[in-house]
Trainee: 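Below you will find the structure I want to go over with you.
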Amino acid sequence: MRSRRDFLATALWAGASLTLGPHLSVLASDSQSDSGALPAGETLRTRAVPASGEQLPVIGAGTSGSFVASIGSDKYQRLREVMTIFFASGATVIDTSPNYGGADRVLGALLEEGGWRDQCFLATKIAADSREAAERQWAGSLEALRTDRVELLQVHNLRDWQTQLPYARELKDQGRTRHVGVTHYTPYGLDEMARILRREPLDFIQINYSVSAPQAAREVLPLARDKGVAVLINRTFDDGNLFARVKDRPLPGWAGEFGVESWAQLFLKFALSHPAVTAVIPATSKPAHQRDNLQAGYGPLLSEAQQRELIAMDL
């Protein structure tokens, strides 16, 4: 089995001229390599949002760090290719925030230029310490994202959630967002997340969950499933640290049975194999990484024994 680096080296292709078309044409572009091109007719796995029944593709995208760019720059053009690949695959979920260094402005410009806004399940956040600050921030978010509504509005890292969650619900009542939720990005937020799940009606939560940080599976993920709350997973790669830890390790011998050709795909499948998880949102500014990530949304998921095996690696 190949490492992520080897897979990406063979999967790179001249994507600058890529145009939107059927999603399989994007993935089939790797068919002359041994990248495991998908069989014709296969589509991304989806899962339902319990609150609405809407089906979401399980592979989404984040913007933290990766979407910090100057509009029109070389990186911006690469991000446009990333977005083209993403939407051509049938993926829809993109998560951002007003405090990601201008990532929301870059995302808004790309969605408008590519004509992708109506395809996108757009998620953003409130990260404020008062109602007044939240109102100003919300207005700025709509301007940055070049839209008049979002599909999901989340309270960022549980910040002032007692004030901001009711405000988000008001915006939902006004039709400015279809869903509301709360987020955190470390295991330290899980206890509070569990308390909120028990006392507050939510449509979504967003938490970290990975082979190196599986704590959410103890209480929060089962609780979300019992409560009918959709779950987005961040930091599946532990901010990229997991790749350094498996640099010289081969994939498990059983990985090929699942169509897994890189550690990235295996880490994503680990998170998706928990039945409470709705979608993962890995962030990237590299087209080849985007193609690699999308591959995890196809084929079978891991058994509980295989998930335990990965956790036992103690990465």
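One is the number of the first residue; the rest follow in order along the sequence. Only heavy atoms go into these numbers, but all of them, side chains included; no hydrogens, no water, no symmetry mates.
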Trainee: Identify the residue among Leu301, Leu56, Ile59 that makes a side-chain contact (heavy atoms from CB on, under 4.5 Å) with Arg45.
Mentor: Leu301

Trainee: So, taking the atom named NZ in Lys286 and the one named CG in Asn293, what distance separates them when rounded to the nearest 0.5 Å?
Mentor: 11.5 Å

Trainee: Does OH in Tyr76 sit with more than 12 non-hydrogen atoms of other residues, nucleotides or ligands closer than 6.0 Å?
Mentor: yes

Trainee: Of all residues at least two apart in sequence or in a different chain, which pass the salt bridge (Lys or Arg N to Asp or Glu O under 4.0 Å) check with Arg131?
Mentor: Glu135, Glu170

Trainee: Under a 4.0 Å threshold between the charged nitrogen and the carboxylate oxygen, would Glu113 count as salt-bridged to Arg146?
Mentor: no

Trainee: Aromatic ring centroids of Phe237 and Phe243 under 6.0 Å?
Mentor: yes

Trainee: Measuring from atom CD1 of Ile196 to atom CD1 of Ile205, what distance do you get when rounded to the nearest 0.5 angstrom?
Mentor: 9.5 Å

Trainee: Are Leu242 and Leu266 co-members of a hydrophobic cluster defined by side-chain heavy atoms under 4.5 Å apart?
Mentor: yes

Trainee: Suppose we screen for salt bridge (Lys or Arg N to Asp or Glu O under 4.0 Å). Which residues come up paired with Glu192, at least two apart in sequence or across chains?
Mentor: Arg195

Trainee: Among Leu110, Thr147, Leu111, which residue satisfies the side-chain contact (heavy atoms from CB on, under 4.5 Å) criterion with Cys120?
Mentor: Leu111

Trainee: Do the side chains of Arg169 and Asp173 get close enough for a salt bridge, i.e. N-O under 4.0 angstrom?
Mentor: no

Trainee: Using only heavy-atom distances, determine whether the side chains of Trp254 and Glu309 contain a donor-acceptor pair under 3.5 Å.
Mentor: yes

Trainee: In the single-linkage hydrophobic clustering (I, L, V, M, F, W, Y; side-chain heavy atoms under 4.5 Å), do Trp138 and Leu145 co-cluster?
Mentor: yes

Trainee: Starting at CG of Asp160, measure out to CD of Gln164 and round the result to the nearest 0.5 Å.
Mentor: 4.5 Å

Trainee: Is Asp118 salt-bridged to Arg149, cutoff N-O under 4.0 Å?
Mentor: yes

Trainee: Report the residues that fulfil side-chain hydrogen bond (donor to acceptor under 3.5 Å, both in side chains) with Ser210, sequence neighbours left out, ordered by chain and then residue number.
Mentor: Ser212

Trainee: Is any side-chain heavy atom of Val49 closer than 4.5 Å to a side-chain heavy atom of Arg178?
Mentor: no

Trainee: For Asp129, check salt bridge (Lys or Arg N to Asp or Glu O under 4.0 Å) against everything at least two apart and list the hits.
Mentor: Arg159

Trainee: Gln215: which residues meet the side-chain contact (heavy atoms from CB on, under 4.5 Å) condition with it, sequence neighbours left out?
Mentor: Pro187, Leu190, Ala213, Arg218

Trainee: Of all residues at least two apart in sequence or in a different chain, which pass the side-chain hydrogen bond (donor to acceptor under 3.5 Å, both in side chains) check with His179?
Mentor: Ser52

